[in-house]
Protein chains: 2
Amino acid sequence: MRQKTFINPIAWKGGKIRIIDQTRLPIELKYEDCATVSAVWQAIKKLKVRGAPLIGIAGALGFLLGFQQSKARTEAQFLRVAKKLRYRLVSCRPTAVNLSWALSLMHGIVETNRRRPKSAILAALKKEVDRIIHEDIQMCFQMSAHGSKLIKSKDSLLTVCNAGGLATSGYGTALGVFYRAKEEGKKIKVFACETRPLLQGARLTAWELKYNGVAVTLICDNMAADLMRRGEIDAVFVGADRIAANGDFANKIGTYSLAVLARYHRIPFYCVAPFSTFDLKLASGLCIPIEERDKKEVTTLYFKKPIAPEGVDVFNPAFDVTPAKLVTGIITEKGIIRPPFKKNIGALYGPSIKRR
Amino acid sequence: MRQKTFINPIAWKGGKIRIIDQTRLPIELKYEDCATVSAVWQAIKKLKVRGAPLIGIAGALGFLLGFQQSKARTEAQFLRVAKKLRYRLVSCRPTAVNLSWALSLMHGIVETNRRRPKSAILAALKKEVDRIIHEDIQMCFQMSAHGSKLIKSKDSLLTVCNAGGLATSGYGTALGVFYRAKEEGKKIKVFACETRPLLQGARLTAWELKYNGVAVTLICDNMAADLMRRGEIDAVFVGADRIAANGDFANKIGTYSLAVLARYHRIPFYCVAPFSTFDLKLASGLCIPIEERDKKEVTTLYFKKPIAPEGVDVFNPAFDVTPAKLVTGIITEKGIIRPPFKKNIGALYGPSIKRR
C-alpha cells in the first residue's frame, strides 16, 4: 500500500499536543503546542485546528491530556473527570459529529478501565487515540481509492472548504480522492472555491493542493455557477461534517449552493466522508445542529479590517445542509453509497453502528 | 412627484468632475476631483466610479472635460478629438454598455455641431450631459414605481453587488425599487450578498441601504442558497450591465448563480435596468464581452493582505451572463417586460431604438 506522507496537522508530543495553527496559513506554517485542555478547546474554537475528522482527533487528544493532568486517583474521580472532559470538549463545535464520536470513545475507555490504576487507563486512552488516528489514515486511503474510480484523466473538478490532509491525519477526504487520482497518473485540474467567510478554500485547499503538486485554480464562491455553465466542471467533490441516516449531510456553508448548481447543470456531486461522520440517530438533515458564528467573520474579512458599515446585521451560519436527493454518491471507506441512501446506508453501516 | 435626495456620486464642478471614491466606502465618504481625462479613465478603471448607469455618466463627463481642455479649433480637429476621446474612454470597462452608449451620444453632439464655434459645441455637450443625468434620475424613479408593485409588505428581498444610488445619479435601479417600496410604507427586509471579490454588496449596498433607513442583513455570497431553502427570500432584484435582444443579461459575477438558485427554489427573479442598458445589436448573452480582472482581486481580499498561496492560478471574471429563461421579468422605465422577452423587448423598445 503506497501512502504519501503529508504535513501532519496534529501530533502528541509527550504531554503536549502539537498543532499547525491553520489560521496562519498560507502566510506561515506555524506549529503551536497546546499544554492544557483549555488551550485545546481554544484551538478548536478558533479554528486553528479544523476539519471534521481532525476535530475528532484533537478532541480525543485533548481528553487524553486532561485525564493525564487531572488529580483523579479513585474510580469515582476517574469517572467524574472523564464526564467533565467529554462535555467540556464537545461544547466547542456543535456541527461536526466526529468530535462527540471521538469523545464518546475516550469516555468509554475510562468506563471500561475504571477499576485499573491511572497509568493503565492512560495507556488505554493513548492506545485508543493511536487507533483513531491510524483508522483515520486508513479510511482516507480507502475513500481515495473508491473515489478515484469516478475520475477520468483530464477531468476538471470542483471543491469547497478544505477536506484535505489538513482536515484529517491522513490523505484527506475529498482532496484525498484528487491525490489518489493524480498518483494513478490521471491529469486533473481542481477549482477551489475560496469559501467565505473564513477562506479555508483560498488559504488551505489552494495551499495544500499546490504543495502536493495538484493543478489548482482559485475562484470566489459566486463564480462556480459560471464555470459550470461554461462546461468547465466535470464533477464536484466535498467533505461532510455530519451525515444523517437518510443521506442528508451538513458541510461548510456554500455546499448546498454547489449541490443545487451541480444538479441544474447535470454535474455529478459527491460527498466524501468516513464512517465517523455518519450520525444514524438523526433521521434527516433537519435535525443537524447548525453553528452560527460571530458576525465579525463576515464584516471584517480575514485580516481584521472592516469591509461593511459598522453595526450592520449579519447572517453567518457556518454550515448548510444538503439534501440527499441532490447527492450522486457518498464515498466512504467501505465503498460508494448510491441512492436510495436510507436503505443503502443502513445496509452498509448497520452492523458497524451497533459497535458504537 | 416625490423624489428623495441621495448622496450624489458624481457632479460637474466647473471644469472638474467631483466623484465619491467608492473604493474607500464604507470606511470613509471621500470626494475626489478628476481634472483630466486620464484621471477620469483611472477612476472608472479602478472602480472609484462604478455601476453601469454611473459609468455612462462618468464617461460623458470625461468626454466633456476632454473636449473643453483640447486645443481643437477647426471642424477637422473637433471631429478628431471627439473620436479620440470616445475610443479612449470606452476602453476602460468593456461589459457595461452604458459607457459606449453615453460616449456615442456625446460623439454625435460634436458631429452635429461640428461647424459651430467651440463654445457652442461645449454648451451643447454640457446640455447633453445634463439631459443624460436628468433622464437617469427620471428613469430610476419610473423603474422604482414599476418594480415596487411586485413587492408586498413584510417581503424579504435579496440583491447582489450595488445597483443603488451609488451606481446611478438617481434612486438606483434594483435598490431604487426597495426605496420606493419603503416610501410607500411597505415593511421590507433586504439581504445583501457581499459580492466577492470587490465586496460592492458589503461596502456599498449595506452602507447605502443603512444610510437610507432600509433594514439590511449582510451575507456571504455562498449563503444565499441556504436562505432560499429556509424560505427566507420572497424575491431577488438585481441590476444589469448589458441586456441582449433576447433578454439574456450580463451583471456582476454571482448573478447567474442567484438566478439558478431562485429558479430551483421557485422564487421570482427580476432584473432592473433602464433603456440605456439594452444592446439590441446583440442577439443573445453569448455575444456580451466579459471583462476578466486582475487575479489580485481574488488573492488579496480588499485590503491588500494575501489570503491565498503566492502564484496560485485564479479565474476572475467580473461578470456573468444570466439567460432570459431564468428571468421572471425585466423592470424598465417603460414598464415590466415579461417573457417571451425577445418579442416583448422588441415591442417596447423598437421605436426608441431607432432613435439611437
Report the C-alpha distance between B/Phe269 and B/Thr255 in whole Å, list the side-chain angles of each, state the deciding distance to 0.1 Å, and finish with yes or no for side-chain contact (heavy atoms from CB on, under 4.5 Å).
-> CA-CA 10 Å; B/Phe269 180 90; B/Thr255 303; 3.9 Å; yes
Who are the salt bridge (charged side-chain N to carboxylate O under 4.0 Å, His left out) partners of A/Lys295, not counting sequence neighbours?
-> none
Does the pair B/Tyr264 and A/Tyr264 meet the rule for a ring pair (Phe, Tyr, Trp, His ring centres under 6.0 Å), with working shown?
-> CA-CA 8 Å; B/Tyr264 182 80; A/Tyr264 182 81; 9.1 Å; no
So which of B/Ala224, B/Ala259, B/Gly311, B/Pro323 has the biggest tally of heavy-atom pairs under 4.5 Å with chain A?
-> B/Gly311
Closest heavy-atom pair, B/Ala202 versus B/Leu218, reported as atoms and distance to 0.1 Å, is CA-CD1, 3.6 Å
Against chain A, label B/Pro309 side chain, backbone, both or neither, depending on which of its atoms sit under 4.5 Å from a heavy atom there.
-> both
Go through A/Leu209, A/Val312, A/Asn316 and name the one with the most non-hydrogen pairs under 4.5 angstrom from chain B.
-> A/Val312
Report the residues that fulfil side-chain hydrogen bond (donor to acceptor under 3.5 Å, both in side chains) with A/Asn162, sequence neighbours left out, ordered by chain and then residue number.
-> A/Arg50, A/Thr205, A/Glu208
Count the heavy-atom pairs under 4.5 Å between each of B/Leu261, B/Thr322, B/Val321 and chain A, then report the option with the highest count.
-> B/Leu261
For each of A/Val314, A/Leu227, A/Asn222, tally heavy-atom pairs with chain B at distances under 4.5 Å, and name the one with the top tally.
-> A/Asn222
Considering only NZ, NE, NH1 and NH2 on the basic side and carboxylate oxygens on the acidic side, decide whether A/Asp221 and A/Arg196 come within less than 4.0 Å.
-> no
For the pair A/Asp226 and A/Arg229, find out whether any cationic side-chain nitrogen is under 4.0 Å from an anionic carboxylate oxygen.
-> yes
For chain B, the option from A/Ala206, A/Ala215, A/Cys220 that forms the most heavy-atom pairs under 4.5 Å = A/Cys220
Which of B/Arg230, B/Met228, B/Glu310 touches chain A most, by non-hydrogen pairs under 4.5 Å | B/Arg230
Selection from B/Lys252, B/Arg263, B/His265 maximising heavy-atom pairs under 4.5 Å formed with chain A | B/His265
When heavy-atom pairs shorter than 4.5 Å are enumerated against chain B, which of A/Val216, A/Thr217, A/Asp320 gives the highest number?
-> A/Thr217
